[in-house]
2 protein chains.
Amino acid sequence: MDKQLATTIFESLASGVRLDVFRLLVKNAPSGLVAGEIATLLALPPTNLSFHLKALTQSGLLSVVQEGRYQRYRANLPIMQELIAYLTAECCTGHPEQCFDGDSASGCCDTEPSIQSTQADSYNL
Amino acid sequence: MDKQLATTIFESLASGVRLDVFRLLVKNAPSGLVAGEIATLLALPPTNLSFHLKALTQSGLLSVVQEGRYQRYRANLPIMQELIAYLTAECCTGHPEQCFDGDSASGCCDTEPSIQSTQADSYNL
DNA sequence: TTAATAGTTCAATAATTGTTGTATAGTTGA
DNA sequence: TCAACTATACAACAATTATTGAACTATTAA
């Protein structure tokens, strides 16, 4: 997971239509749906749906296989987990235990710590 | 977490600049950084950074507190966890055990199951 | 009080993304 | 082969988002 891919994935889900499509295919995992079914269920013109399916597929969020004249789309769930790992990989300067306690993230960064330095001398890139 | 919020969050991260800002603040959690530090580190004009910080804050990904003449920004990590839960809540028609085995998602939907029905009679909205 | 600093808002412009109809390519069944 | 069907590619247009400089508000220090 690099920055370019992460941005592409977020762009892919940054549309109401594409978010609907992806969630519909998550619901219908692992069998997936063919394009026409998606168009019917979401009441979308075929050209518009095709535009969004292309974006989702190119970002890796969907996979597609041909079945005769149909195109069957499936959601790629693991990529979402990789995305989260990418976002939180260097959480808290490599000390994620400050943020996450096991499976729960409820302890992370939602507290307001006292101000430590008004003028930072060294940053944390 | 509703659709509108989810879309807004994805839109917020669907920009290279905003993704850089958010990850920088994840790294620098929980102390956060003030706007000028972010601008310096990412080499962004103040107006442009302000534009993106506003988007990130309005979506809830960042919190901001005033410190004198400074504005300190912090990443809101838990919202990301809520977002993932939203995306996978109805995974596999309410049978996520088909997809996720405990903490790992590696088993989910990355296999290509044999085609079950070419023409679906009932959908799964 | 005055000058300097930090950050935002606003307006204009540039750039990107979304939507639609028409045309096209591939598949199926008569 | 031919007509119907599924889906995508293309082009034109509409709509949204990103970027920048100038002006403005608030805070700090002299």
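As the structure is a computational prediction, the values presented were derived from the model and not from experiment. Per chain, numbering begins at 1; letters A, B, ... match sequence-line order.
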A.B. asks: Look up atom CG in B:Leu62 and atom CZ in B:Arg74, then write down how far apart they are to the nearest 0.5 Å.
C.D. replies: 11.5 Å
A.B. asks: Output the rounded distance in Å from NZ (A:Lys54) to P (C:dG18).
C.D. replies: 13 Å
A.B. asks: Should A:Leu33 and A:Leu41 count as side-chain neighbours, where that means a heavy-atom distance under 4.5 Å?
C.D. replies: yes
A.B. asks: Which nucleotide, C:dT8, C:dT20, C:dG7, lies nearest any side-chain atom of B:Leu53?
C.D. replies: C:dT8
A.B. asks: Could you tell me whether the side chain of A:Asp20 reaches within less than 4.5 Å of the side chain of A:Leu44, counting heavy atoms only?
C.D. replies: no
A.B. asks: Between C:dT8, D:dT8, D:dA9, spot the one nearest the side chain of B:Tyr73, thanks.
C.D. replies: C:dT8
A.B. asks: I need the CD-C1' distance between B:Glu67 and C:dA6, as an integer number of Å.
C.D. replies: 13 Å
A.B. asks: Using a 4.0 Å heavy-atom cut-off, does B:Pro45 contact any base of the nucleic acid, only the sugar-phosphate backbone, or nothing at all?
C.D. replies: sugar-phosphate
A.B. asks: Any idea which of D:dT8, D:dA26, C:dT19 is nearest the A:Val17 side chain?
C.D. replies: C:dT19
A.B. asks: Between atom CZ in B:Phe51 and atom P in C:dT16, what is the gap in whole Å?
C.D. replies: 14 Å
A.B. asks: Round to a whole Å and report the spacing from CG of A:Leu49 to P of D:dT8.
C.D. replies: 7 Å
A.B. asks: Give the rounded distance in Å between these two atoms: CZ of B:Arg69 and C1' of D:dT27.
C.D. replies: 6 Å
A.B. asks: Can you check whether B:Gln71 has a side-chain N or O nearer than 4.0 Å to OP1 or OP2 of C:dT8?
C.D. replies: no
A.B. asks: A:Arg18 side chain: which of D:dT28, C:dG18, C:dT28 is closest?
C.D. replies: C:dG18
A.B. asks: Quick check on DNA chain D: between B:His52 and B:Gly68, whose nearest nucleotide comes earlier from the 5' end?
C.D. replies: B:His52
A.B. asks: Roughly how many Å is it from CD in A:Glu11 to P in D:dT16, rounded to a whole number?
C.D. replies: 18 Å
A.B. asks: Can you tell me which nucleotide in D:dA7, C:dT8, C:dG7 comes closest to the side chain of A:Tyr70?
C.D. replies: D:dA7
A.B. asks: Just compare C:dA6, C:dT9, C:dT20 and give me whichever is closest to any side-chain atom of A:Thr47.
C.D. replies: C:dT20
A.B. asks: In whole Å, what is the span from the CD atom of A:Glu37 to the P atom of D:dC5?
C.D. replies: 17 Å
A.B. asks: Could you give the CG-to-P distance, from B:Asn48 to C:dT8, as a whole number of Å?
C.D. replies: 12 Å
A.B. asks: Indicate the atoms forming the closest heavy-atom contact of A:Phe10 with A:Leu87, along with that distance.
C.D. replies: CZ-CD1, 3.6 Å
A.B. asks: Working to the nearest 0.5 angstrom, can you tell me the gap between B:Ile9 CD1 and B:Glu82 CD?
C.D. replies: 7.5 Å
